[in-house]
Amino acid sequence: MYFEILRPYLIMLCSFRYARILIGFCWFLAAMAIYLSIWVAPSDFQQGENYRIIYVHVPAAWMSLLIYIAMAISSVLFLLTKHPLFQLFSKSGAKIGALFTLFTLLTGGFWGKPMWGTFWVWDARLTSVLILFFIYLGVLRFQQFSVDVASIFICIGLINIPIIKFSVNWWNTLHQPSSISQFGTSIHISMLIPILLILTSFLCLSGIFFILETRQIILSFSSFSVKSQINPQNNNRKQVSFYTDNRSSKST
């Protein structure tokens with residue numbers, strides 16, 4: 001199966017044209033979200049100002065799940081097509097997803113300290129997110145040995161995603177239930193808009209990281225192919241000069 005749109009030339013051309021626009025849009029969304037979350041959104045009557053960490057904690061948690069789902073889809077496509085771009089997406093996604101998952105755990109600890117009295121509890125939601133972080137690290141490790149094994153491992157780890165999502169409903173946990181679902185939201189609109197803006201900026205930031213790494217790998221492959229074409233010519237020239245030098249020395 002061949003994907004015309006996934007050709008390296010088109011990727012380099014489109015990324016060069018639209019990368020700066022994506023970076024500017026990311027900065028604009030982040031600035032708007034910071035302004036709305038600090039100066040517009042009201043304070044919580046129970047948690048006070050400490051609740052504002054939700055504006056980065058919740059989008060980071062969503063990103064850790066969305067990136068893994070995208071990685072699973074990319075891994076299935078790689079196993080079916082063997083297209084290197086899908087393998088590249090899984091490799092980049094594992095790095096970005098691990099960062100977002102770690103950021104989720106850290107911000108969750110700082111959010112839970114005033115509420116629970118400790119940075120960490122072996123809660124079902126927290127433990128399943130910690131497992132997701134180790135899965136990301138396992139993917140990065142497996143990719144150093146075998147891309148096929150790493151892709152299969154990603155598909156198996158997809159089982160943990162619904163556990164993270166429904167852990168607060170299946171077990172009695174300290175973590176509060178989801179305030180946003182497909183049936184609606186219990187968050188006020190002044191609080192919901194900054195969360196969605198931060199989520200969109202995180203999506204743009206992930207896209208920027210993926211574009212930069214993709215361009216770097218394509219350029220590295222291009223330089224390697226050019227060097228491999230140049231080196232044989234240099235070797236032949238060295239052999240010719242060495243042969244002529246030997247002939248001249250014998251003649252003298």
Side-chain angles (χ1 to χ4, degrees), residues 1-16 18-19 22 59-105 124-125 127-167 170 182 199-200 202-228:
M1 185 181 295
Y2 182 77
F3 295 89
E4 185 71 20
I5 197 173
L6 301 181
R7 295 179 61 185
Y9 170 76
L10 293 179
I11 294 174
M12 295 294 291
L13 181 62
C14 295
S15 61
F16 179 78
Y18 303 111
L22 191 61
W62 288 348
M63 286 298 301
S64 63
L65 300 180
L66 291 175
I67 290 176
Y68 196 89
I69 294 173
M71 283 175 52
I73 297 174
S74 178
S75 298
V76 172
L77 293 176
F78 173 77
L79 292 174
L80 294 176
T81 63
K82 299 299 181 180
H83 196 286
L85 187 64
F86 295 126
Q87 182 265 335
L88 174 61
F89 183 84
S90 298
K91 183 178 180 180
S92 302
K95 298 176 182 178
I96 301 171
L99 291 176
F100 275 115
T101 307
L102 179 61
F103 187 67
T104 302
L105 294 171
R125 171 63 66 84
T127 304
S128 56
V129 173
L130 180 63
I131 293 174
L132 178 63
F133 177 67
F134 288 132
I135 291 175
Y136 274 121
L137 297 182
V139 171
L140 292 174
R141 187 61 177 172
F142 278 122
Q143 286 176 344
Q144 297 179 357
F145 300 100
S146 174
V147 179
D148 294 332
V149 174
S151 300
I152 296 173
F153 181 75
I154 292 172
C155 297
I156 296 174
L158 192 63
I159 302 174
N160 191 45
I161 301 301
I163 296 177
I164 296 175
K165 173 62 179 177
F166 299 106
S167 58
W170 293 344
Q182 65 271 24
L199 175 64
T200 308
F202 281 169
L203 288 171
C204 294
L205 185 62
S206 301
I208 293 170
F209 287 155
F210 176 70
I211 288 173
L212 292 177
E213 185 164 0
T214 303
R215 289 179 60 88
Q216 182 179 0
I217 292 178
I218 292 176
L219 290 174
S220 64
F221 274 112
S222 300
S223 61
F224 177 78
S225 62
V226 170
K227 290 180 180 179
S228 64

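If you read the sequence from its start, that first residue is 1, and numbering goes on from there. Everything numeric in this text was worked out from a predicted model, so none of it was measured.
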Residue set satisfying side chain to side chain contact (heavy atoms under 4.5 Å, CB included) with Ile161, at least two apart, ordered chain then number -> Leu65, Tyr68, Ile69, Leu132, Leu158
Residue pairs meeting side-chain hydrogen bond (donor to acceptor under 3.5 Å, both in side chains), one or both in residues 127-141, sequence neighbours left out, come to Arg141-Gln144
Leu22 meets the side chain to side chain contact (heavy atoms under 4.5 Å, CB included) criterion, sequence neighbours left out, with Cys204, Ile208, Ile211
Flag side-chain contact, heavy atom, 4.5 Å: Val129 against Ser64: no
Original post:
Side-chain contact, heavy-atom cut-off 4.5 Å: Met63 with Thr104?
Top reply: no
Residues 151-162 vs salt bridge (charged side-chain N to carboxylate O under 4.0 Å, His left out), sequence neighbours excluded, gives none
Applying side chain to side chain contact (heavy atoms under 4.5 Å, CB included) to Phe210 and not counting sequence neighbours gives Leu85, Leu88, Phe89, Ser92, Thr214
Find out whether Ile164 and Arg125 are in side-chain contact, i.e. whether some heavy atom of one side chain is under 4.5 Å from a heavy atom of the other. yes
What one should report as the nearest heavy-atom pair of Ala150 and Gln143 is CB-CG, 3.5 Å
Shortest non-hydrogen pair, Ala60 vs Phe103, comes out as CB-CD2, 3.6 Å
Applying ring pair (Phe, Tyr, Trp, His ring centres under 6.0 Å) to Phe153 and not counting sequence neighbours gives Phe142
d(Leu79 CG, Ile152 CD1) to nearest 0.5 Å is 6.0 Å
Contacts satisfying salt bridge (charged side-chain N to carboxylate O under 4.0 Å, His left out) that involve residues 95-105 (not counting sequence neighbours) are Lys95-Glu213
Q) Under a 4.5 Å cut-off applied to non-hydrogen side-chain atoms, are Asn160 and Ile163 in contact? A) yes
Taken in chain and number order and not counting sequence neighbours, the residues that satisfy side chain to side chain contact (heavy atoms under 4.5 Å, CB included) with Ile96 are Ile67, Phe100, Ser206, Phe209
So salt bridge (charged side-chain N to carboxylate O under 4.0 Å, His left out) across residues 64-78, not counting sequence neighbours, yields none
- Message: Under a 3.5 Å distance rule, please check whether Ser151 uses its side chain to pair with a backbone N or O of Val147 as donor and acceptor.
- Response: yes
